[in-house]
Amino acid sequence: NILGNNHVKDIVGNIVRTVLESDWKTWATLGSSLSSLAEASPEDFIATLKKVMRSSDFNFHDIFSQDPKDTSTYGGECCHSGLLWALETIAWHEDYFPQVAYLLAELSELDKGGQYCNRPANSLSSIFCPIVRQTNTSIVGRNSTLQALCKQYQTSGWALLQKLLDTYYRGDTVSCNSRPSFRDWTIPSSFEHIAPKDISDYFNSLRKLTLDFLEQKPELVLELLEKNTGNIIYTEILEFIELKIDVFRKKDSEFINRIQNSLRHLISFCYLEKEKKENKSSVKLINKAKKVIKDIGSNVLSEKYAWL
C-alpha cells in the first residue's frame with residue numbers, strides 16, 4: 001500500500017526482464033522457477049521471451065539441443081521443461097492464451113526434436129486439448145487463436161491440426177498442465193471435460209481449418225492418408241479429391257499410387273468394420289473410395305493394375 005500497486009508491478013516487471021534477458025543457459029538453470037517469474041509478471045515474461053528467442057545474440061534455440069546423445073542414457077534434467085511449464089501456467093488465463101499459443105508454435109519450429117517427450121509441440125497441443133480444458137479461454141477464443149496461428153505458423157499449425165484430429169478419433173492420454181501457484185485466476189478444475197456442444201463446435205472448426213490447408217496445398221492429402229491422422233474426416237477428404245481430381249491427375253505416378261494404396265487400406269478397414277456390424281456409413285465410404293481410386297488412376301492397363 002505504501003508503494004502503490006502500479007509501482008510494485010513495475011518493480012516486479014523490471015526484475016523479470018533483468019533476470020531473463022540472457023542466453024538459454026540462464027533459462028535452463030532457472031528451471032521450474034520460470035513458472036513463478038511468469039506468474040509474477042506474465043506480460044514481461046512474454047515480452048522478454050519474444051526478445052531473446054528472436055535475437056541471434058542469445059542462441060536461444062540451443063536450449064532444445066541439450067538432450068543426451070547416447071540413447072542408452074537414463075535420467076538427467078530436461079533443460080527446456082521449465083520454460084514449457086511456465087508457458088502452460090500462464091496459458092490458463094484467457095488474456096495470455098493467444099500469445100502463449102503463438103510462442104509455442106514459434107518454439108515448435110525452432111525445436112529439432114530429441115529424446116525427451118516434453119516438447120513445445122506437445123505443450124501446444126495440450127493447451128488446445130479437445131477432450132479436457134487446459135485453459136479458461138472459451139471455445140470461440142480457442143478457435144480464433146487457432147485460425148490465426150495456422151495462418152502465421154503453417155508448419156506447426158498443420159502438425160497441430162493433425163494431432164488434434166487424431167485425438168478426436170483415437171482419444172489420448174491427458175496429463176494436467178502446470179497450474180498457477182499463487183494467482184487467484186478463475187480456472188477450470190483439473191481434468192474438467194469440455195461440454196459436448198463445445199466439442200462439436202471445436203471439431204467443426206478443426207475440420208474447416210484442415211480443408212483450408214488442403215485448398216492451399218492439395219498434396220497434404222497424402223500426409224493425412226498415410227499417417228492416418230485424417231480418419232475422422234475421410235468423407236471430406238474423398239470429396240476434396242473428387243473436387244480437385246484434375247489437379248491430382250497431373251501429379252506424378254508415384255504420388256497417385258501412394259494415394260490409391262492408402263485408399264485401398266481404407267477400404268480394407270471399412271470392410272472389417274462392416275463385418276463387425278451393419279454399418280451404412282462404411283458402405284458409402286467404400287464406394288466413394290473405390291470411385292476416387294478409379295477416377296484418379298491411369299487408363300493405361302499396365303499402370304492401372306501395376307499395384308497387383
Side-chain angles (χ1 to χ4, degrees), residues 12-13 16-17 19-21 24 27 30-54 60-61 63-64 78 80-111 118-161 163-164 167 174-188 190 192 194 202 205-206 209:
V12 172
V16 171
R17 290 193 303 273
V19 171
L20 296 181
E21 199 167 308
W24 68 269
W27 291 72
L30 285 165
S32 58
S33 298
L34 288 171
S35 293
S36 297
L37 292 172
E39 275 192 73
S41 184
E43 297 90 348
D44 291 287
F45 183 89
I46 289 170
T48 307
L49 177 56
K50 286 180 182 178
K51 181 176 180 180
V52 299
M53 68 187 281
R54 294 171 183 173
F60 195 78
H61 60 278
I63 197 171
F64 299 115
C78 178
H80 56 267
S81 287
L83 168 62
L84 300 181
W85 294 336
L87 290 171
E88 290 173 9
T89 298
I90 56 177
W92 285 98
H93 197 290
E94 62 269 22
D95 288 350
Y96 309 118
F97 179 82
Q99 296 179 76
V100 170
Y102 304 147
L103 283 169
L104 285 171
E106 192 168 345
L107 289 170
S108 297
E109 296 186 0
L110 288 177
D111 180 23
N118 204 357
R119 317 305 307 185
N122 291 336
S123 290
L124 180 60
S125 62
S126 73
I127 67 173
F128 281 100
C129 181
I131 300 173
V132 298
R133 296 181 65 188
Q134 301 273 34
T135 177
N136 199 38
T137 309
S138 67
I139 289 295
V140 173
R142 268 177 273 177
N143 285 342
S144 176
T145 300
L146 184 58
Q147 186 174 2
L149 184 152
C150 287
K151 287 181 179 179
Q152 189 170 353
Y153 303 99
Q154 294 198 354
T155 300
S156 51
W158 175 244
L160 173 60
L161 285 176
K163 170 65 176 175
L164 296 178
T167 299
V174 180
S175 299
C176 186
N177 282 353
S178 297
R179 298 169 68 88
S181 298
F182 58 85
R183 286 279 188 174
D184 59 352
W185 295 338
T186 302
I187 61 175
S190 297
E192 180 178 318
I194 297 175
Y202 199 17
S205 178
L206 292 176
L209 283 171

Quick check: do [X] and [Y] have side-chain heavy atoms less than 4.5 Å from each other?
| X | Y | value |
| --- | --- | --- |
| L87 | I127 | no |
| L30 | V19 | yes |
| L84 | N122 | no |
| V174 | Q134 | yes |

Qualifying residues under ring pair (Phe, Tyr, Trp, His ring centres under 6.0 Å), relative to [X], sequence neighbours excluded:
| X | value |
| --- | --- |
| W158 | F213 |
| Y153 | none |
| W27 | F45, F60 |
| F97 | F128 |

| Taking atom types as modelled, is there a side-chain donor on E88 or S123 under 3.5 Å from an acceptor on the other? | yes
| message | Using a 3.5 Å distance criterion without hydrogens, assess whether the side chain of E39 forms a donor-acceptor pair with backbone atoms of F182. | response | yes
| task | Locate the shortest heavy-atom distance separating I90 from A38; write the atom from each residue and the value. | result | CG2-O, 3.7 Å
| task | Considering non-hydrogen atoms only, spot the tightest contact between T145 and A101 and give its length. | result | CG2-CB, 3.8 Å
| Sequence neighbours excluded, which residues qualify as salt bridge (charged side-chain N to carboxylate O under 4.0 Å, His left out) partners of E106? | R54
| Residue pairs fulfilling salt bridge (charged side-chain N to carboxylate O under 4.0 Å, His left out) with at least one residue in residues 123-143, sequence neighbours excluded | R133-E192
| message | A quick test of your reading: do over 12 heavy atoms of other residues, nucleotides or ligands sit less than 6.0 Å from NZ of K50? | response | yes
| task | Could you go through the side chain to side chain contact (heavy atoms under 4.5 Å, CB included) check for N177 and T135 one step at a time? | result | CA-CA 9 Å; N177 282 353; T135 177; over 6 Å; no
